[in-house]
Structures are given as C-alpha cells and as structure tokens.
Amino acid sequence: MKNFLDLADMPRDEIVDLLALADRLRERPEPAALQGRVLGLLFFNPSLRTRASMQVAMARLGGESFVITPGSGSWQLETRLGVAMTGSAAEHIREAIPVLDSYCDALGVRAFAEGRDLSDDLSERSFTNIASLCRRPLINLESAVNHPCQVLADWKTLDDLKVPRRSRFVLSWVNHPRALPLAVPAAAAHMAALRGMDVVVLRPPGFALPDAIMEKARRAAALSGGSVSETDDRDAALAGAHVVYAKEWGSPEHYGDAELEARARGGLGDWMVRDSWFQKTDPDCHLMHCLPVRRNVAIADDVLDGPRSRVLSQAHNRLVVQTAILYRLLGGAPAGRLH
Ligand code: CP
C-alpha cells in the first residue's frame, strides 16, 4: 500500500485484509513496529478524533508524530496555484508540503471542500494539488468528497456488530444550522455499497447527492452484490432498516450560496433522528454518526444516549483501523524512501 487516499483505490480483498490486520494488532499489539518513524499531520481544518487517534496510533506502534495547523502556531498556507500572495497566507503549499515531507516518513492531510464550486470540489482539485507535491506515503484525513479513515472505521464497526453484509443501510440527511461538506455522506455510501449492503440514501427534496457520488456508490455495489437507491420518503426508507447512518450535508443545488441554502433548509427541523424513526426498522437497528454531532438538532439526546447508538464505537475504531493503515504504509517500507 503506497498511499491511503480512497477505499475505491483498493481491491475489496485488500480492505478485508486491512480490517483483519486491525484486529490482529488490537489483540497482539506491536509497540516497536514503527520505532524511529515519524508521521507528519497537516490540518487545514479542525479535528478532535482524527488528530488524536492518528497521534495515538503512531505512538502505540512506537513511532512519533507532529501536527501543523496552518494559521494557528504556523504560517497560513496558500493552496491556489498562480495567485499573487497578497493576502494572509505567508507560505505556499508548493514549498510547505515538500519541506514537511522531508521531515517525516508519511504525511496525513486534512483539507475540506472549499464549498464554492461543486465541480471543483467533486474533482478533489485542492487535495489533488497537495498530493502531487507529496513524495511520501500520503493519508487522506478528509478531503472535499472523501473520508476514507472514517468509513474504514465504520466498516469495522459494522463487522464488530455482525451486521450482515446483505442488509439495509439507510444514509439519512439530518438537520444542521449550515451546509456541511459532502465528504462523509459520499464516503459512507460508497463504503456500505462496497461492503455489499443495500444502501438507501434518504434526503429531503433539494438535497440529493450529486450524480458522481451516487454513480461511484453504484459501481461499488455492482462489484459487491449490494444496491444503491435514493428517496425522500422517510417511512419507506426506514422500514426494515438495519442501520441508520445520520449525516448533515449541504444542498448540492445551492452549493456555495449561503442564502439559498438557508432558505432550502427552512422547515426541515423535523429531520432530526428521534426514537420514533425506529418504529418500523429492524428491532436491532443501529444508529451511526461520524461525530461531531449537534445534540437535539441532528439527533435527539435519548437516541444518542440510548442502546442503538454506536457513535463511540465508531470513534474508537478510528484508532483501531488507523493503527493498521500506518503499519501497512510504514511497516515494511525502507526508511528514507523518496521517489
Ligand atoms: N469524524 C471525524 O473525522 O472527527 P474529527 O473531525 O473530530 O476529526
């Protein structure tokens, strides 16, 4: 494994092997496996889980890590190409990425969607620019339309819960005060389809996921024997569901327009997961969310705190699967490899 950028880059068998490695390292830790290795972490956006779990995973394998958060204790970084740097950014990624990767053995980068132009974000323009400058193994810590570490942890959580491969996975839009990126819904739909599940994307009118995201999930389903559909009919979607994966996202129809977005989500306050959502689901239906979550806006307290909630297991599994990712990326590679 040279990079960890997208589950779609890996054959399904390789993902299953990686999850088995995660289990093995959980049962039989290797505290010196990455001794002398250094992981660099570059966060253009805030994080609680990703940052802490990557650093702990590296430490538990005997390695070390450093964190750079541009504009907070280090220079603001310009990511656009060909611009006059007259604004607040003092340094360009064209220098910063090669400098950082010369200090470490692998680099993890978080760079969210810019949220202005949907086609730019769907093409992963910003992350691709960063990746093209990196000469070390690169880990996607969440880009415009992907969050592979999160959804690998979600796959692990589904396996731990023994959720059958062929079962009903409802990815449901939930309320939030403003537009959030498409990264998690896109990656979660793809992951569940690749796992072989029957994925139903439940969303109000105006919030359909872009065709490119749905097509990617459908291609994964075709490989794995699952299916992908979408609806705005909540009762129909939830009937018989084995998993409700709640997620907030912005309207692709009003991408980059905060005023139209606010108008579109007016009146959608009842898109908050409540206990009543589970009346016709499978009795053992699980509630998932990647966190952070706004209580009593996206999910009601009693559901988040109740027996269906798997959010803490998902978050813990970030550490479990990232340990395996780092082991695979760095365990066998000779030190100092640059290409
Ligand atoms: N789920 C997730 O990536 O959490 P953070 O944004 O806190 O890293």
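Scope of the values below: all heavy atoms of this structure, side chains included, with no hydrogens, waters or symmetry mates. Source: prediction; values computed, not measured. Order of listing sets the numbers, starting from 1, for every ligand and every atom in it.
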Show me the short polar-atom pairs for ligand 1: any N or O of it lying under 3.5 Å from a protein N or O, with distances only.
residue  : atom  : partner : partner atom : Å
ligand 1 : 1 (N) : Gln150  : OE1          : 3.0
ligand 1 : 1 (N) : Cys290  : O            : 3.0
ligand 1 : 1 (N) : Leu291  : O            : 2.9
ligand 1 : 3 (O) : Thr50   : OG1          : 3.0
ligand 1 : 3 (O) : Arg110  : NH2          : 3.0
ligand 1 : 3 (O) : His147  : NE2          : 2.8
ligand 1 : 3 (O) : Arg318  : NH1          : 3.1
ligand 1 : 4 (O) : Arg49   : NE           : 2.8
ligand 1 : 6 (O) : Arg110  : NH1          : 2.9
ligand 1 : 7 (O) : Leu48   : N            : 2.7
ligand 1 : 7 (O) : Arg49   : N            : 3.0
ligand 1 : 7 (O) : Arg49   : NE           : 3.3
ligand 1 : 7 (O) : Arg49   : NH2          : 3.0
ligand 1 : 8 (O) : Ser47   : OG           : 2.7
ligand 1 : 8 (O) : Thr50   : N            : 2.9
ligand 1 : 8 (O) : Thr50   : OG1          : 2.6
ligand 1 : 8 (O) : Arg110  : NH1          : 3.4
ligand 1 : 8 (O) : Arg110  : NH2          : 3.3

Just checking, Arg265 and Trp271: is the charged tip under 6.0 Å from the six-membered ring centre and within 45° of the axis? no
Are Gln314 and Arg310 close enough that a side-chain donor and a side-chain acceptor fall under 3.5 Å? no
Residue pairs involving residues 140-169 (criterion ring-ring contact (aromatic ring centres under 6.0 Å, His included); sequence neighbours excluded): Phe169-Tyr245
Which residues, ordered by chain and number, are linked to Val56 in its hydrophobic cluster, where ILVMFWY side chains connect at heavy-atom gaps below 4.5 Å, directly or through other members? Leu319
Quick test of your reading of the model: are Asp305 and Arg295 salt-bridged, counting only N-O distances below 4.0 Å? yes
Which pairs pass salt bridge (Lys or Arg N to Asp or Glu O under 4.0 Å) with one or both residues in residues 235-248, sequence neighbours excluded? none
